[in-house]
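Note on naming: letters A, B, ... go to the chains in the order of the sequence lines (proteins, then strands), and numbering restarts at 1 for each one.
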Amino acid sequence: MPLKDYLRETEVCCGCSCCKFIPLEKIKTERYSYACPSVAKYNFNTYAAFGRLAFLKYLADNSLEYSDKVLEVIYNCQMCGACDISCKYAMDMDVLEPINEIRIKCVDDGQTLPVLDKLVDNMRKQGTMVPGAKVKRGEWASGLNIKDITKDKVEVYFHVGCLTSYNKDMSKVAKATVDLMQKAGVNFGIAGENESCCGGRAYQMGYKEDFLKQAKKNMEMIKESGVKTLVTGCADGYNAFKVLYDKFELKGSLEVLHTTEYFARLIKDGKLKPTKKVDIKVTYHDPCRLGRLGEPWIHWKGEEIGRTRIFNPPREFMRGTYGIYEPPRDVLKSIPGVKLVEMDRIKEYAWCCGSGGGVRESNPDFAKWTARERIAEAESTGAEAIVTACPWCESLFGDAIKENGNALKVYDIVEILNIAI
Amino acid sequence: MSISKELYKALEDVLGPDNISEDPVITYSYVPRNRAAEKATGMSTPMFEAITLPENTEQVQAIVKLCNKYKMQYKAASTGWGPYGNPTAPGCIRIDLRRMNRIIEINEKNMYAVVEPYVLYATLHAECMKRGLNCNITGAGSNCSALPLAAHANLGQLSVSGSWGERNLLAFEWVTPDGEIVKAGSFGSIGEWFSGDGPGPSLRGLIRGDGTPLGGLGVYTKAAQKLYHWPGPSVFPVEGVSPQYHSPVTPNFMIRYFHFPSAQAQGDTMMKIAESEIAFILMGFNISMITSNIATSNYEERELAKEYLHKVQGPGCVIILAGNSPGDFEYKKEVLQQIVEAEKGKSLDLVEDPRNAGGYIWRWTRPTGSIREVKFRANPSGIGAGMLSCSAEPYPLMYKYVGTMVMDKMNLIKRGLARLESADPFVLQLVENGHGGHGEFMVEGYDNPESRKAMETLSNKVIETGVNGCYGVPTSTWGDRLHDMFGPRASNYHLWLRKVKKTFDPNEASECSNYISGKEKPGDQPIKGFSSLSN
């Protein structure tokens with residue numbers, strides 16, 4: 001949708017500042033009251049959704065010219081969607097969508113950051129946005145005797161994801177996932193060298209056309225394979241396949257599940273039985289694109305009636321209500337010995353890890369600052385480990401912990417589950 | 001006009017390069033562009049010349065002194081919900097107080113809190129609840145600044161038991177318009193915050209009255225406010241995922257919405273409840289305020305309002321009881337029952353339903369539903385206005401005032417100049433257990449010149465009706481025109497206010513379009529022996 005089509009959202013914004021904070025009734029402490037990393041770090045209103053919508057008006061009619069500062073503001077945002085949730089507690093308007101659209105306009109206008117261009121170029125050439133990916137995509141699976149969905153008939157396609165495939169520190173998560181599926185007797189396969197980036201992160205950065213190319217390419221392969229269910233452990237991939245592909249009507253009837261949803265289901269059905277005790281006190285970090293941004297896309301076509309934002313037909317806004325919050329917790333609770341303690345900011349109003357929207361690549365200091373904020377919050381619970389369900393979160397937390405010398409450990413849920421079975 | 005390189009450099013030296021900007025992408029995002037007004041007037045929305053982000057009082061002082069030196073106006077604001085923080089013309093910089101967001105002290109023994117301007121009420125309230133304390137919160141919402149000098153009148157849902165800003169303000173720290181740091185009240189003499197009036201200089205009457213200068217008289221950098229006893233939990237057990245939050249009813253708490261066969265019965269009930277001192281929260285609300293506080297979308301709100309509009313017998317009020325003990329709770333319930341029965345009040349099932357009641361309690365206690373309450377009504381082409389009265393019978397007085405104004409509003413609706421939105425009365429409440437009353441009404445206009453003109457005329461009439469009818473103090477006396485209209489009827493206070501502004505702001509540095517200017521006007525002569533408020 002062109003930027004000018006979001007002008008109505010900017011008029012509806014009443015400037016209440018709620019986009020900066022977690023939902024007000026959830027504020028328990030002074031320390032952890034912010035929802036938006038961007039305004040918490042850079043302070044000017046401009047960095048909050050309120051400010052972004054305010055300058056959108058000027059970008060839409062080209063009365064704000066591009067400059068280094070404009071691009072710095074636009075790209076210093078993880079697109080985590082926390083603002084969107086806090087706003088929509090009381091408002092009927094789109095917040096994250098117009099902010100994403102600003103980036104799409106930037107790409108259309110050739111106003112991008114060289115570091116992001118390079119990443120997307122890498123995706124165009126190699127099918128991944130992991131910088132410096134030199135090894136083969138399926139190398140981690142060598143010797144594991146896993147079926148290939150492009151050759152074998154399987155029920156479940158395990159989409160491994162770029163970071164898990166290429167980062168040697170993260171391939172342990174892929175191996176644990178495979179181990180668990182094999183223990184449960186699932187007929188599954190991977191795409192190996194044919195797997196390609198979901199494109200979700202490119203979309204967050206504004207490269208819509210590149211995203212669509214990836215989406216079409218992936219869905220073509222999936223349709224040819226005949227699989228009906230896709231399981232991924234990457235929250236970005238989950239959001240892309242389940243939400244974005246559906247937004248652009250490319251998903252069809254494909255069932256998309258996150259590993260935590262899938263394993264929670266297998267545990268409930270008795271196909272996986274965590275019996276070994278894992279004595280550890282953990283806190284769970286909700287990845288943005290599994291939690292608040294992991295809810296199904298709500299298709300709607302209609303018109304606004306009058307000025308009070310009543311729609312015909314009635315429109316349900318995406319407010320994070322149906323995100324994936326309980327399955328990861330159910331998995332953790334099923335493991336003997338694991339004690340789950342919660343942070344102040346959880347579920348739909350969880351603080352971002354810092355990795356999304358291209359920030360990790362374009363502004364690593366900001367990404368790590370955001371991660372350190374979360375690590376401090378995790379430590380305040382007394383947990384020994386922060387557990388998450390996304391390789392991007394795990395990897396950034398790991399880097400920040402290493403750099404800072406924290407004692408906190410970081411795991412993906414499947415790593416802990418695999419120890420228990 | 002733009003900021004000179006010299007001034008910018010001087011400000012940058014004080015704040016560091018990351019805490020000042022004149023880049024359009026920064027300045028444009030501080031003032032919502034009013035496209036309708038631009039179209040109607042052919043003028044651009046005024047913007048700040050630069051935005052500054054001071055971290056402490058000394059940096060605020062340095063900014064203020066530099067503005068005085070370089071003849072640049074400034075306007076300070078914190079959370080900034082409302083148009084008062086916006087510039088009205090070029091030649092003004094914004095002092096954004098976002099980095100001054102510390103709770104300085106919560107004194108449990110002496111029951112006060114000291115905050116910097118960017119502490120939210122939601123945050124202060126959360127910290128207070130943990131300590132068995134409670135603070136009055138401005139009715140606009142807990143997203144607003146907890147500085148008792150920032151939230152204007154600071155009247156809110158808790159005002160029946162927790163008073164309002166003018167009365168809750170204790171000691172404070174003030175950077176005057178020309179850059180002096182003033183420590184007032186006990187803070188000025190012994191460095192403690194417990195009193196606004198002494199020992200030490202008491203300047204409370206200079207820096208605020210019923211309202212505040214809205215950025216027109218320097219910068220308030222710290223202030224203490226009175227706290228109250230809190231008999232509830234340390235944290236409200238809010239469950240569910242946004243926006244479908246719910247909560248069990250807190251022990252020893254009860255909420256009801258009573259509706260009555262007549263306005264007289266409603267008013268009498270509210271006065272009796274206030275006099276018996278049993279209410280934690282007591283608000284005269286129309287039914288749309290009830291439905292807006294439970295709806296999770298505009299559509300749902302509209303449908304609920306339609307449904308419940310026909311389920312009430314007449315005007316109503318919300319009451320929340322908070323017992324300090326089971327015995328106290330039982331006593332309050334019994335008193336309430338007797339009062340309501342005598343006036344034939346009926347309880348609305350929507351609020352009494354235990355599935356909803358817990359949510360209603362925290363939405364009004366914190367308050368967090370206010371954005372949905374006001375979002376339709378607060379629009380650039382409409383007006384909101386209110387009155388505060390301290391008198392023997394404040395409720396009937398407020399009812400009459402709002403009723404009078406609503407008749408004018410209905411006339412505009414009939415003429416197609418205002419919208420019908422079933423939102424009257426927006427607020428009718430008693431404060432300090434009936435020592436005072438407060439009434440508000442709102443009007444939604446249209447984005448056309450005729451409607452705008454009608455709104456302007458009505459906003460004048462709001463003040464005229466209030467002061468000529470001796471209803472009380474208007475809570476929206478913003479700007480020279482309205483002060484000049486009200487002043488002659490209230491002991492010529494506007495002349496004194498103008499002298500205050502002139503004395504403390506000799507260079508007119510503190511932007512005052514929503515306060516009063518220091519420039520004497522042709523009509524600035526005392527009207528001896530006349531004050532309608534004292535008649």
Would you please classify the geometry between the A:Tyr34 ring and the A:Phe21 ring as parallel, tilted or perpendicular, with 30° and 60° separating the classes?
tilted

Working to the nearest 0.5 angstrom, can you tell me the gap between B:Leu120 CG and A:Lys20 NZ?
9.0 Å

Criterion side-chain contact (heavy atoms from CB on, under 4.5 Å) on A:Asp61 and A:Lys4, from CA distance to verdict:
CA-CA 8 Å; A:Asp61 66 5; A:Lys4 65 178 174 56; over 6 Å; no

For A:Val73, which atoms come within 4.5 Å of any heavy atom of chain B: side chain, backbone, both, or neither?
side chain

So what's closer than 4.5 Å to chain A heavy atoms on B:Ile51: side chain, backbone, both or neither?
both

What's the verdict on side-chain hydrogen bond (donor to acceptor under 3.5 Å, both in side chains) for A:Asn76 and A:Tyr47, showing C-alpha distance, side-chain angles and the deciding distance?
CA-CA 8 Å; A:Asn76 268 327; A:Tyr47 293 85; 5.3 Å; no

Heavy-atom pairs under 4.5 Å with chain A are the metric here; pick the option from B:Ser297, B:Cys144, B:Ser242, B:Ser234 that has the most.
B:Ser242

Quick one: which of A:Val12, A:Val39, A:Leu56 has the most heavy-atom pairs under 4.5 Å with chain B, could you say?
A:Val39

If you count heavy-atom pairs under 4.5 Å between each of B:Thr27, B:Asn101, B:Val25 and chain A, which one has the most?
B:Val25

Which portion of B:Tyr299 sits near chain A, non-hydrogen atoms under 4.5 angstrom:
both

Among B:Val119, B:Asp96, B:Leu53, B:Asp18, single out the residue with the greatest number of heavy-atom pairs under 4.5 Å to chain A.
B:Leu53

Chain B contacts: which residues in residues 311-323 of chain A have a non-hydrogen atom closer than 4.5 Å to it?
A:Pro314, A:Arg319, A:Gly320, A:Thr321, A:Tyr322

Heavy-atom check, side chain of A:Val95 versus side chain of A:Glu9, under 4.5 Å
no

For A:Glu348, which atoms come within 4.5 Å of any heavy atom of chain B: side chain, backbone, both, or neither?
side chain

Between A:Tyr58 and B:Tyr28, is the gap from one ring center to the other below 6.0 Å?
yes

Which members of residues 286-297 of chain A, sorted by number, sit under 4.5 angstrom from chain B on a heavy-atom basis?
none

Show your working on side-chain hydrogen bond (donor to acceptor under 3.5 Å, both in side chains) between A:Glu373 and A:Tyr32 and close with a plain yes or no.
CA-CA 9 Å; A:Glu373 285 290 297; A:Tyr32 302 117; over 6 Å; no

Where does B:Ser21 contact chain A at under 4.5 Å (heavy atoms): side chain, backbone, both or neither?
both

Spacing of CE belonging to A:Met79 relative to SG belonging to A:Cys352, to within rounding of 0.5 Å
11.0 Å

Start with the C-alpha gap between B:Glu55 and B:Arg99, add the side-chain angles, then the distance that decides, and say whether salt bridge (charged side-chain N to carboxylate O under 4.0 Å, His left out) holds.
CA-CA 5 Å; B:Glu55 191 182 23; B:Arg99 293 171 76 211; 3.7 Å; yes

Contact check, side chains of A:Lys88 and A:Asp94, non-hydrogen atoms, under 4.5 Å
yes

So which part of A:Ser33 gets closer than 4.5 Å to some heavy atom of chain B, the side chain, the backbone, both or neither?
side chain

Measure the shortest side-chain to side-chain distance between A:Cys36 and A:Cys19 over non-hydrogen atoms and say whether it is less than 4.5 angstrom.
no

Given heavy-atom pairs under 4.5 angstrom as the criterion, report whether the side chain, backbone, both or neither of B:Tyr121 touches chain A.
neither

Side chain, backbone, both or neither: which part of B:Val235 has a heavy atom under 4.5 Å from chain A?
side chain

Contact part of A:Ser67 toward chain B, heavy-atom cut-off under 4.5 Å: side chain, backbone, both or neither?
side chain

So CZ of B:Arg302 and CD of B:Glu307: to nearest 0.5 Å the spacing works out to 13.5 Å

Picking from A:Leu59, A:Asn43, A:Leu64, which has the most non-hydrogen pairs under 4.5 angstrom with chain B?
A:Asn43

Considering only heavy atoms, which portion of A:Cys18 lies under 4.5 Å from any heavy atom of chain B: side chain, backbone, both, or neither?
side chain

For side-chain hydrogen bond (donor to acceptor under 3.5 Å, both in side chains), just list the numbers for A:Ser38 and A:Arg52, CA-CA rounded to whole Å, side-chain angles, deciding distance to a tenth of an Å, and then say yes or no.
CA-CA 11 Å; A:Ser38 191; A:Arg52 292 176 189 276; 3.0 Å; yes

Taking the side chain as everything from C-beta on, heavy atoms only, tell me whether A:Met91 gets closer than 4.5 Å to A:Met93.
yes

Report yes if some heavy atom in the side chain of A:Tyr75 is under 4.5 Å from a heavy atom in the side chain of A:Thr112; otherwise report no.
yes

How far does CG of B:Asp23 sit from CD of A:Glu72, to the nearest 0.5 angstrom?
9.0 Å

Contact check, side chains of A:Leu71 and A:Gln111, non-hydrogen atoms, under 4.5 Å:
yes

